2 protein chains.
Amino acid sequence: MDFKMKKFRDINLKLTPQRLAIFEYLDDNKSHPSAEDIYLEIRKKYPTISFATVYKTLEALKKQGLLLELTIDPERRRYDPGTEHHHHLICIDCKKIVDIHADFRVDVPEDAKGSFEMLGNHIEFYGLCPECKKKG
Amino acid sequence: MDFKMKKFRDINLKLTPQRLAIFEYLDDNKSHPSAEDIYLEIRKKYPTISFATVYKTLEALKKQGLLLELTIDPERRRYDPGTEHHHHLICIDCKKIVDIHADFRVDVPEDAKGSFEMLGNHIEFYGLCPECKKKG
DNA sequence: TATTTAAGGATAATCATTATGGATTTTAAA
DNA sequence: TTTAAAATCCATAATGATTATCCTTAAATA
Ligand SMILES: [Mn+2]
Ligand SMILES: [Mn+2]
Ligand SMILES: [Zn+2]
Ligand SMILES: [Zn+2]
């Protein structure tokens, strides 16, 4: 969180109570929340905060490279404060997203990639979380 | 396409000219089109077709397991008539999606997966297509 | 051909996200 | 401390994709 504040100062972005609350909520957050998740949480402290503020703060964080946007849930965008390269496991039932910090060799064979310039990759694992497996 | 018709007949779904046109458009289609792409194309033959019809047909195909919905483009859903297990390469510039038919070993280590039940995976590769690389 | 039932199409509704604009707050300078 | 400029807040409107509704039309089947 400290470094988020620093980065913001560095580029003339102001530190407001709303933003600090969002930083704090995201800091070390492993739940991959949606904009609404964040909005609902921050609203407990700042009941007048607007969705626009949440979206704009997320946009600013993304632009600083301090936040990733996940396109893994077809219903809504999810955000990930863990910006190191990692992969995800999503429960097909409750949509919970869990980090997978493992290194996989996924070199695309030359003939398959053609003259594409390869820049990165992301693996989505699908499965059932322990809770949902129990429920059936 | 034939087998799509058969599956539809088997479950009391009617074969209409609009649906056949969509089947035909999707058959062997490697472009991963959006609902709008499909709508615009079919409209050439059936100028009165509605978006609702496109969405409903896609939904029916999905339910039959004849079509996959991709959550790889944050702006809109893309559809994939290739339902065999494969991966994708997306151009971060023009959003073109290309199939990668290669087999990768991506076994999640026991300690990372916990008691999740693993059911599948999908790898998204990010890069620049030859055309976009040229443009800079 | 008649009957049944699903599908088509126009359009409204919904939901997530983005844009706008005036009031407020922060920051820096005077 | 006062002032001014810039950034942010939030209410709200706009947008764009997707889903729902409802009435008319057409496909299937006997
Ligand atoms: Mn993550
Ligand atoms: Mn594909
Ligand atoms: Zn679950
Ligand atoms: Zn491209």
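Predicted model only: the values in this text are computed from it and were never measured. Below, chain A is the first sequence line, B the second, and so on; all start at residue 1.
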For atom CZ of Arg76(A) and atom C1' of dT14(C), their distance in whole Å | 13 Å
Under 4.0 Å between a side-chain N or O of [X] and OP1 or OP2 of [N]?
X	N	answer
Thr53(B)	dG9(C)	yes
Thr16(B)	dA7(C)	no
Arg77(A)	dC15(C)	no
Tyr55(A)	dT18(C)	no
Gln18(A)	dC10(D)	yes
Arg19(B)	dA7(C)	yes

For the student: nearest non-hydrogen atoms of Val98(B) and Phe116(A), plus distance | CG2-CE1, 3.8 Å
Below 6.0 angstrom between ring centroids: does that apply to Phe104(A) and Phe125(A)?
-> yes
For residues His32(B) and Asp73(B), is any side-chain donor paired with an opposing acceptor at under 3.5 Å?
-> no
Lys14(B) (side chain) and dG8(C) (base): donor-acceptor pair under 3.5 Å | no
DNA chain D: 5'-proximal contact among Pro17(B) and Glu59(B) (nearest heavy atom) = Glu59(B)
Starting at the 5' end of DNA chain D and moving along, which residue's nearest nucleotide shows up first, Leu13(B) or Glu75(B)?
-> Glu75(B)
Any donor-acceptor pair under 3.5 Å linking the side chain of Lys95(A) with the backbone of Glu75(A)?
-> no
